[in-house]
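For reference, the structure discussed in these notes is given below.
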Amino acid sequence: MIINGRLLLISCFILFVSAADNSTPGLVVGFYKNSCPIAEIIVRKYVEKFVTFNPGFAAGLIRMHFHDCFVRGCDASVLLDGNNSEKQSIPNKGSLRGFEIIDAAKAELELKCPGIVSCADILAFSARDSASRVGNIYYEVPAGRRDGNVSNTLDPLLNLPPPFFDATSLKDNFARKGLSLDEMVTLSGAHSIGIAHCTSFLGRLYPTVDPTLDPKYAAKLRKICPAPVANATGPPKVNPTVDQDTITPNRLDNLYYLGLKQKKGLFKSDQDLMTSPLTSNIVLNNIQFGLVWADKFGAAMVKMGNIDVLTGNQGEVRLNCRLVNTVGVNTMRK
């Protein structure tokens, strides 16, 4: 019995270490403690300033981090300007927000610590600080990412899950990025905040209402979102927005999952988490155990932030997050 108990303790310790060590080699918590000890403080200052003015910026920064990491890895390629950049891709154009926050933080960091803090790390810090500000969810962010120098319009279409995906397609999409089924459902909780354009869920309202959508909620959405024009050759002239969460739209919390139980998931990809046997039990657990979900969310954000990162001498540290360096700055000091 004593031997079994010791084995159990050893097994639990190994499990704990495995769960806690969720960083990629080259990424370190406190990476800038010597080279730029105020780095995270500066980023947090601008996030809190802008999010206090408009809570929607928190959703924008978390979403931007996700859109960055799922396309070419977490290398800040989503921040690059250009006619053929990721910004111009259909999933991003006109819907990504928060670039000015990254720009403001980067500008001050270049004054205080020139050429040291990467745009990819600024984006990762800002997503964490957003979760903390609107959800009281805090987690340590391993840093040391380098910035990429390629941004392609086609890449988001090939990598980001569209709002019409079902649970199985979402599972496969996240698995390709090294994320589990539970982590996929957990990260979907980011839809607890933010807004969405009508065109992203119009197919659930017209010509007939999706039967998995609450009828009263659908009627409300149809009053806001006009029916698509037949034989239209371009984007609609009017494309209103609605809150993604009907319960606490400015709070990052587990009530998003309660909305799914009430058949008020805005996207098909949201509601299918509740209707699919593959994920419905995870949704129900997230409803019941909010604090557990919050911890899982932080851990999943850290893991997502490790996807295909550039470290060491890879990539560069951009001087301007919107532009690759004319002359590469290839040093990053701890």
Side-chain angles (χ1 to χ4, degrees), residues 12-49 51 57-59 61-66 68-70 73-76 98 101-102 105-106 108-109 112-113 116-147 177-180 182-184 186-187 189-190 192-193 252-254 289-312 317 332-334:
C12 289
F13 176 75
I14 292 172
L15 178 62
F16 173 78
V17 171
S18 299
D21 185 12
N22 205 15
S23 62
T24 293
L27 298 186
V28 182
V29 172
F31 185 87
Y32 298 105
K33 66 181 179 180
N34 295 323
S35 60
C36 187
I38 57 174
E40 295 188 47
I41 296 172
I42 289 174
V43 174
R44 187 178 306 117
K45 176 179 72 173
Y46 286 102
V47 170
E48 291 186 351
K49 176 183 176 181
V51 172
F57 278 122
L61 290 168
I62 293 172
R63 180 170 181 256
M64 193 189 301
H65 185 41
F66 167 67
D68 183 43
C69 291
F70 265 52
C74 308
D75 67 346
I101 303 173
I102 305 298
K106 180 62 172 175
E108 182 169 345
L109 284 166
K112 304 287 178 58
C113 311
I116 297 296
V117 184
S118 71
C119 299
D121 279 342
I122 293 172
L123 185 50
F125 293 149
S126 68
R128 183 270 310 279
D129 295 336
S130 296
S132 176
R133 186 69 177 81
V134 299
N136 200 30
I137 299 172
Y138 185 84
Y139 51 93
E140 296 286 357
V141 174
R145 298 167 187 80
R146 303 275 286 186
D147 299 324
K177 305 300 177 181
L179 297 168
S180 70
D182 187 81
E183 287 164 339
M184 179 272 286
T186 296
L187 289 171
S192 169
I193 51 176
L252 180 61
D253 58 25
N254 67 320
F289 303 108
L291 293 177
V292 174
W293 167 79
D295 287 342
K296 291 197 302 178
F297 184 85
M301 287 291 285
V302 171
K303 187 173 178 181
M304 184 186 77
N306 294 338
I307 296 174
D308 295 335
V309 294
L310 303 175
T311 59
V317 179
M332 182 183 277
R333 300 182 296 275
K334 292 186 183 180

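- In this structure, the side chain of Arg146 does not engage the main chain of Ser118 through any donor-acceptor pair within 3.5 Å.
- Pairing each heavy atom of Phe57 with each of Gly98, the nearest pair is CD2-CA, 4.0 Å.
- Using a 4.5 Å cut-off on side-chain heavy atoms (C-beta onward), Leu123 and His65 make contact.
- In this structure, the separation between SG on Cys74 and CZ on Phe66 is 11.0 Å, given to the nearest 0.5 Å.
- Looking only at side-chain heavy atoms (C-beta outward), Pro142 and Val28 stay at 4.5 Å or farther from each other.
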Task: side-chain contact (heavy atoms from CB on, under 4.5 Å) evaluation trace for Tyr32 with Val117 - done: CA-CA 8 Å; Tyr32 298 105; Val117 184; 3.9 Å; yes
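- From Leu291, atom CG reaches atom CG of Asn136 across 9.5 Å, with rounding to the nearest 0.5 Å.
- Residues Ala58 and Val51 approach most closely at N-CG2, 3.8 Å, considering heavy atoms.
- Note that CG of Leu179 and CG of Leu187 are 6.5 Å apart. Values are rounded to the nearest 0.5 Å.
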Distance-only donor-acceptor pairs under 3.5 Å for side chains of residues 36-47, two or more places apart:
{"residue": "Glu40", "atom": "OE1", "partner": "Arg128", "partner atom": "NH2", "Å": "2.7"}
{"residue": "Lys45", "atom": "NZ", "partner": "Glu108", "partner atom": "OE1", "Å": "2.8"}
{"residue": "Lys45", "atom": "NZ", "partner": "Glu108", "partner atom": "OE2", "Å": "3.2"}
{"residue": "Tyr46", "atom": "OH", "partner": "Glu108", "partner atom": "OE1", "Å": "2.6"}

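- At distances below 3.5 Å, at least one donor-acceptor pair connects side-chain atoms of Lys303 with backbone N or O atoms of Gly178.
- Closest approach of Ile102 and Ser126 over heavy atoms only: CD1-OG, 3.6 Å.
- What you find for Cys69 and Gly305 is that their closest heavy atoms are SG-CA, 4.0 Å.
- Residue Lys177 holds its NZ atom at 6.5 Å from CG of Asp308, rounded to the nearest 0.5 Å.
- One distance of note links CD1 of Ile137 with CD1 of Ile62; it measures 8.0 Å at 0.5 Å rounding.
- Shown here are the side chain to side chain contact (heavy atoms under 4.5 Å, CB included) partners of Asp182, two or more places apart in sequence or in another chain: Ser180, Thr186, Ile282, Lys296.
- Evaluation of the ring-ring contact (aromatic ring centres under 6.0 Å, His included) rule for Phe297 yields Trp293 as partners, not counting sequence neighbours.
- Across every non-hydrogen atom of Tyr139 and Ala127, the tightest pair is OH-C, 3.9 Å.
- The line from CG of Asp68 to SG of Cys119 is 10.0 Å long, rounded to the nearest 0.5 Å.
- Between the side chain of Asp147 and the main chain of Val317, no donor-acceptor pair closer than 3.5 Å is present.
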Open item on the list: For a side-chain contact (heavy atoms from CB on, under 4.5 Å) check, start with the C-alpha distance between Asp295 and Phe289, then their side-chain angles and the critical distance, and finish with the verdict.
Closed with: CA-CA 10 Å; Asp295 287 342; Phe289 303 108; over 6 Å; no
- [ ] Walk me through it: do Arg145 and Leu27 pass the test side-chain contact (heavy atoms from CB on, under 4.5 Å)?
- [x] CA-CA 7 Å; Arg145 298 167 187 80; Leu27 298 186; 3.8 Å; yes
